[in-house]
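Atoms within each ligand, like the ligands themselves, are counted from 1 in listed order. The chain is numbered in sequence order, starting from 1.
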Amino acid sequence: MKNIAFALILLSSVNVFARSTSSASDVKSTLSEAHKKFKDLKDGKNADYIPALKKVPSELFGIALVTVDGKVYTAGDIDKQFSIQSISKVFTLSHVLQESGEKQITDTVGVDATGDVFNSIVAVEKNKGHEMNPLVNPGAIATTSMVKGKNADEIWNKIINVHSAFAGRPLEVNQEVYKSESETNQRNQAIGKLMEAYEIIKTNPEQATDLYTRQCSINVNAKDLATMAATLANGGLNPVTRTKVIDQKHVKGVLAVMSTAGLYDNTGQWLFKTGLPAKSGVGGGVIAIVPGKFGIAAFSPRLDDAGNSVRAQRAIEYITEKLKANPYDIQPRGEYVIGKDER
Ligand code: GLN
């Protein structure tokens, strides 16, 4: 009897493994299908509160997937560069965890979801600058202010270097977007000041907001973003360049904050559908991480009301479902024992 039970357990674990293993041609065709399926979706609109983002062609649509063993799959507009925007928050957070440890974040901006829009001032007021997280603007501007350096240049070099290491190539700032957002970021400047008033920002808030604006203007393509996501999926080691970007011990914290706050006030809906830690940006990019397996990114400029790319979300949802990548989508193990209560 014992042997039969053991055999059943073994059998079911083989099935679980088979379920999660997709061949290269499955992955390639799934990406192409997703592109085809959603390329004509016209819902949403480009971000317009940053004038330069209004001008980005709305029809652009690219998808990329990078596995933890460094294989790259793509579909659509893959070389087109766009500004990383809020997705940068993930990588500056990663740097601060690496440089100063997790208490630097948990004791200051915290790791709780606000449930409010990404640039909410009410959220700051309600929580006196605490109990938010590094993926909404107040927490993100404060997180940028925590990057150590003698002057703005030294801090900026660390920020651009960590982004480049995640992407596996030297990244640059989109100067047009940086200028455009710098001219219109009065709200973020106010948030920076408020975070100083609550003594979370302890350095110069104008400098922190400027560096934050610059990090949001970093240019990436969908493949860069997928490589950045795959580096997190691979425990901090870039699977394409094989270089360690952050210590493995910090990755789980980054993924936890992405799971609760990566798509702002729509994160619950997203997690319900995909089960994946993810992050969006108003430039139209979205990344998602399947821990231990792959990183995925999609880009298309039209956004929903929460500021998340409509096509990118649909594409990633579709691919996650097709590749059976939702970690909460569990196959029961073993067989039920006859005679036990059944429901
Ligand atoms: N730079 C943008 C801002 O601060 C980023 C917002 C976003 O991508 N959600 O408003």
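The closest side-chain donor-acceptor pair between Asn238 and Thr243, if any, does not fall under 3.5 angstrom. In this structure, a donor-acceptor pair under 3.5 Å is absent between the side chains of Glu181 and Ser217. For the residue pair Glu317/Thr274, the side-chain donor-acceptor check at 3.5 Å is not satisfied.
Between Tyr318 and Phe38, the ring planes lie perpendicular to each other; the angle is over 60°, past the 30° to 60° tilted range.
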- Give the C-alpha distance, both sets of side-chain angles, the deciding distance and a yes or no for side-chain contact (heavy atoms from CB on, under 4.5 Å) between Arg302 and Lys42. CA-CA 8 Å; Arg302 289 201 193 90; Lys42 309 270 188 219; 3.8 Å; yes
- Task: Mind running side chain to side chain donor-acceptor pair (under 3.5 Å) on Asn137 and Asn119 for me, showing each step along the way?
- Result: CA-CA 5 Å; Asn137 289 14; Asn119 55 5; 5.7 Å; no
Report each N/O pair between ligand 1 and the protein that falls under 3.5 Å, naming both atoms.
{"residue": "ligand 1", "atom": "1 (N)", "partner": "Gln85", "partner atom": "OE1", "Å": "2.7"}
{"residue": "ligand 1", "atom": "1 (N)", "partner": "Glu181", "partner atom": "OE1", "Å": "3.2"}
{"residue": "ligand 1", "atom": "1 (N)", "partner": "Glu181", "partner atom": "OE2", "Å": "2.6"}
{"residue": "ligand 1", "atom": "4 (O)", "partner": "Asn137", "partner atom": "ND2", "Å": "3.0"}
{"residue": "ligand 1", "atom": "4 (O)", "partner": "Asn188", "partner atom": "ND2", "Å": "2.8"}
{"residue": "ligand 1", "atom": "4 (O)", "partner": "Tyr212", "partner atom": "OH", "Å": "2.7"}
{"residue": "ligand 1", "atom": "8 (O)", "partner": "Ser86", "partner atom": "N", "Å": "3.1"}
{"residue": "ligand 1", "atom": "8 (O)", "partner": "Ser86", "partner atom": "OG", "Å": "2.8"}
{"residue": "ligand 1", "atom": "8 (O)", "partner": "Val282", "partner atom": "N", "Å": "2.8"}
{"residue": "ligand 1", "atom": "9 (N)", "partner": "Ser86", "partner atom": "OG", "Å": "2.9"}
{"residue": "ligand 1", "atom": "9 (N)", "partner": "Tyr264", "partner atom": "OH", "Å": "2.5"}
{"residue": "ligand 1", "atom": "10 (O)", "partner": "Tyr49", "partner atom": "OH", "Å": "2.5"}

